[in-house]
Trainee: 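Okay, handing you the structure first.
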Amino acid sequence: MMTETKRVNSKSVLEIDSLRKEFTGVAALDGVSLEIKNKEIVGIIGPNGAGKSTLFNCVMGVYEPTDGEVHLGETDITGEFTSRIVRRGISRAFQQARVFPGLTVRENMLANQDHEDENVVRTLFSNAEMTDRMNDLIRQVGLWDLRDRKAGELSTGQKKLLTIAAALMQDPEIVMLDEPTAGVNPNLIDDIINTIVDLNHDGATFCIIEHDMDVIHTLSDYVYVLNNGTNLTEGPPEVALDNPDVLEAYFGE
Ligand code: ADP
Ligand code: MG
């Protein structure tokens, strides 16, 4: 099967080993382990409170893990600052798409989370390589006609497409997407799915938290199911999502 071949053959990009995160008495993560391989789309699902967002926050250095390790390739990045982790090559797009509403689509592409200063945007614009990359990505996510619009005028789905494109600007090793289709108009969901597939064909690696089972089924090469801060099961989507324990965790309560 193709998904399995892909999984066996490619090298590991991100490895999470026995990750634990406690908040005053509560273990949001109680020893989660997972692996994302080069050029994969890995889905992470689990009911509310399973620990998905905490996992992303630990990977991105927003939270310092209580125990366990996060490796990007060969490098142990556990507990590093977010800015450093981003520079090492992990990008993130948030569930509530974060754009600068007063900047245009193209300006937003260059104004990443670390730079709110307008002058930084201008400096980056003068770099031809960056401009080419920006234009290619804007075309690829289907926002070309809106490139000089203010981001604040975009729909939720268009903002998500913009943040996905912006996350790819620095050619990251891996892109973490938190619920890319949440809150999106149903007729834009396919655009988002197709865009992610398209970017993946061009070599991008994705780790995606997603609540919508159909979306996870369509997109993922491999799925990890979390429950109560632990690994419940994993596998290709057609295997992992058919597991009775998963249906129980999702719909049983
Ligand atoms: P998910 O994203 O899968 O819905 P979360 O990672 O948001 O789950 O939460 C996992 C558990 O950790 C929940 O029980 C939640 O209440 C708890 N939790 C998450 N963040 C915090 C926090 N900052 N302080 C205390 N408890 C938290
Ligand atoms: Mg969450």
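When a ligand or atom number is given, it counts from 1 through the structure's own listing order.
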Trainee: Identify, for atom 21 (C) of ligand 1, the protein heavy atom at the shortest distance, and state residue, atom and that distance.
Mentor: F23 CE1, 3.3 Å
Trainee: Can you check whether P65 reaches T78 side chain to side chain, under 4.5 Å on heavy atoms?
Mentor: yes
Trainee: Any N/O/S atom, side chain or main chain, of S53 closer to the Mg ion (ligand 2) than 2.8 Å?
Mentor: yes
Trainee: Taking the minimum heavy-atom distance to atom 14 (O) of ligand 1, which of A50, C58, G49 ranks first?
Mentor: G49
Trainee: For atom 7 (O) of ligand 1, find the nearest protein heavy atom and state the residue, atom name and distance (0.1 Å precision).
Mentor: S53 CB, 3.9 Å
Trainee: Any non-hydrogen protein atom below 4.0 Å of atom 10 (C) of ligand 1?
Mentor: yes
Trainee: So, S18 side chain and G68 main chain: donor-acceptor pair closer than 3.5 Å or not?
Mentor: no
Trainee: Heavy atoms only: which of I45, T54, N48 is nearest to atom 6 (O) of ligand 1?
Mentor: T54
Trainee: Does K52 make a cation-pi contact with F56, if we ask for NZ or CZ under 6.0 Å from the ring centre and within 45° of the axis?
Mentor: no
Trainee: Got a protein heavy atom sitting under 4.0 Å from atom 26 (N) of ligand 1?
Mentor: yes
Trainee: Determine, for D136 against R133, whether the closest basic-nitrogen to carboxylate-oxygen distance falls under 4.0 angstrom.
Mentor: no
Trainee: Using every non-hydrogen atom in the two residues, find where D242 and L247 come nearest and quote the distance to one decimal.
Mentor: O-CD1, 4.4 Å
Trainee: What pair of heavy atoms forms the shortest contact from A167 to S91, and how long is it?
Mentor: O-OG, 2.7 Å
Trainee: Any atoms of ligand 1 less than 4.0 Å from a non-hydrogen atom of Y63? List them with their elements.
Mentor: 23 (N)
Trainee: Relative to atom 8 (O) of ligand 1, which among G51, G25, A28 owns the nearest non-hydrogen atom?
Mentor: G51
Trainee: For I36 and F206, what are the C-alpha separation, side-chain angles and deciding distance, and is it a side-chain contact (heavy atoms from CB on, under 4.5 Å)?
Mentor: CA-CA 8 Å; I36 293 139; F206 288 97; over 6 Å; no
